[in-house]
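So the structure is just underneath, and the comments pick up after that.
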Amino acid sequence: MTILGIETSCDETAAAVIEGQGNQVGVLSNIVSSQIEIHKKYGGVVPEVAAREHVVNILPVINEALVKVGITPSRLKPHPTLSKFLPRRMIRGGEGRSKSGVRRGIDAIAVTVGPGLITSLLVGVETAKTLAYAWKLPIVAINHIEAHIYANFIGRQQKINFPAVILTVSGGHTMLVLMKGHDKFKILGETRDDAAGEAFDKAAQLLGLGYPGGPAIAAEAAKCRMSPRPDFGELSRTELGTKANVECRINKLPRPMIKDKSFDFSFSGLKTALLYELTKDPLRLAEGEASKGWKRKISQYAAEFQRAVSDVLVDKTIKAALKYRVKTIMLTGGVAANQELRFKLEQKVKQEIAGAKFLMPELKYCTDNAAMVATAGYWRAKRKDFTPWQKLKVNSNLELK
Ligand code: KG4
Ligand code: ZN
């Protein structure tokens, strides 16, 4: 089954074509047009600007995703007289020829319908409707969080064993999800205020590191050597690079809600704690923000902040995995691109949960992309979970069910 995925929930315009067979999904094309450069000057995503960019980019991005796999979009329409002689999938999906010469059509369109920025979502959803109407294709409505979860199903040959617990950490969401099967999700806990990615973005702003904050903080933190961590064994020596010559001496940020019994998170207090430390830092007060010493100190703050966020995320994920006796632990979302979080969670799963499998997506499938949307769409399409274009609606607060 071949699925065209469309994603426009935030500031990435993305389209992808995937081919699914049994438990395996292969990505044939994956095009992402990022608006980071545009939103950088505002220090975050401006919804109106994002929507306008999606309008301009959506068709070129979809076109590129199709052309890359040998599908000519202009031919993607059922021919009224030919259709009765063509194989079923060609009638519904039109024609195309891959590099290997195999004829290829599209069997369904999967599109993100929420949660996200309403005007951004509308661009993807209305485009999907139009294409489905013109090409007579079924539509699969996808929840953005579900799509992030399915980034872990890309390229897998073996079945993923359930129950699974998934730490979903992005710019808009931070959640622990229990997945008992392909359409069985239960939210175990979520953030009560800022999402983890949002916390990285706000902390980076306080540290003067720009947008998006996650990669900026990670890069700054990598300049800094952390003191050994007996609880992470070997990892403590390698987690932030041995070449770093600045030692992190900051040890003052809290680990919010780490002792709380719930699986909820809270990151806004951590940002305030960072602001408080920065404001009263004696080095800044004595030498000023332009000094070399302060620049080194910024790396230390970045490293300590990254460690505080990842400590809480890892701790709660392990507790949830143990409580629900899961067979698989997954990490996903934009913040899953963070190397410290990736290493730490993998290490802790190995140390503490015998026999469980740990999965995380390749870096390019962590941040928003349409391959993950198409992959989620494939699993729904297998269950014939389609939505007629007339009934397809966006929902900026869509819940995972
Ligand atoms: O999943 P995503 O692309 O968009 C949403 O659905 O929100 O996630 C974007 C978020 C941003 O907040 C960004 O700062 C964060 O992911 N991020 C990172 C890293 N790369 C992206 N956070 C920490 N470390 C990274 N390497
Ligand atoms: Zn996302």
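Start at 1 and go down the list; that is how both ligands and their atoms are numbered. Residue numbers count from 1 along this sequence.
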Got P361 and H148 here, is their nearest side-chain heavy-atom distance under 4.5 Å?
-> no
Among protein heavy atoms, which sits nearest to atom 11 (C) of ligand 1, and what does the distance come to when rounded to 0.1 Å?
-> D201 OD2, 3.7 Å
Begin with the C-alpha distance, continue with both residues' side-chain angles, and end with the deciding distance and a verdict on side chain to side chain donor-acceptor pair (under 3.5 Å) for H54 and D11.
-> CA-CA 8 Å; H54 285 311; D11 61 337; over 6 Å; no
For G334, atoms of ligand 1 separated by under 4.0 Å from a heavy atom = 1 (O), 2 (P), 8 (O), 16 (O), 17 (N), 18 (C), 19 (C), 20 (N), 21 (C)
S120 side chain to G116 backbone, donor-acceptor under 3.5 Å = no
List the steps and the verdict of side chain to side chain donor-acceptor pair (under 3.5 Å) for S268 and D194.
-> CA-CA 6 Å; S268 80; D194 293 353; 5.0 Å; no
Considering G116, A218, S310, P215, which one's heavy-atom position lies nearest to atom 19 (C) of ligand 1?
-> P215
The Zn ion (ligand 2) to H144: any N/O/S contact under 2.8 Å?
-> yes
Taking only heavy atoms of G172 into account, list the atoms of ligand 1 that are under 4.0 Å away from them.
-> 7 (O)
Hey, is N338 touching ligand 1 through its side chain, its backbone, both or neither, going by heavy atoms under 4.0 Å?
-> both
Heteroatom test (N, O or S) for H173 near the Zn ion (ligand 2), limit 2.8 Å = no
Heavy-atom distance under 4.5 Å between the side chains of E289 and R284, does that happen here?
-> yes
Which atoms of ligand 1 sit under 4.0 Å from any heavy atom of G171?
-> 5 (C), 7 (O), 8 (O), 9 (C), 10 (C), 12 (O)
Among the N, O or S atoms of D368, the one nearest the Zn ion (ligand 2) = OD1
Hey, is the main chain of L341 close enough, under 3.5 Å, to the side chain of S310 for a donor-acceptor pair?
-> no
Given the rule in the salt bridge (charged side-chain N to carboxylate O under 4.0 Å, His left out) test, do E346 and R342 qualify, once you have shown the distances and angles that lead to the verdict?
-> CA-CA 6 Å; E346 183 169 29; R342 291 168 83 87; over 6 Å; no
Basic-acidic side-chain contact under 4.0 Å: R255, E304 | yes
Test: E277 and K280 ion pair at under 4.0 Å = yes
Has K297 got its NZ or CZ under 6.0 Å from the middle of the six-membered ring of W294, at an angle within 45 degrees of the ring axis?
-> no
For G197, the ligand 1 atoms whose distance to one of its heavy atoms is below 4.0 Å | 12 (O)
Closest non-hydrogen protein atom to atom 18 (C) of ligand 1, residue and atom name please, with distance?
-> G214 CA, 3.5 Å
Those atoms of ligand 1 less than 4.0 Å from some heavy atom in H144 | 6 (O)
Under 3.5 Å side-chain donor-acceptor pair for K40 and Q35 = no
Which is it for H173 and ligand 1 at heavy atoms under 4.0 Å: side chain, backbone, both or neither?
-> neither
Interfacing atoms of ligand 1 (cut-off 4.0 Å, heavy-atom, H148) | 1 (O), 6 (O)
Which one of A337, C366, C10 has a non-hydrogen atom at the shortest distance from atom 26 (N) of ligand 1?
-> A337
Closest protein heavy atom (residue, atom, distance) for atom 2 (P) of ligand 1 | D368 OD1, 3.4 Å
Can you list the ligand 1 atoms lying under 4.0 Å from a non-hydrogen atom of T367?
-> 3 (O)
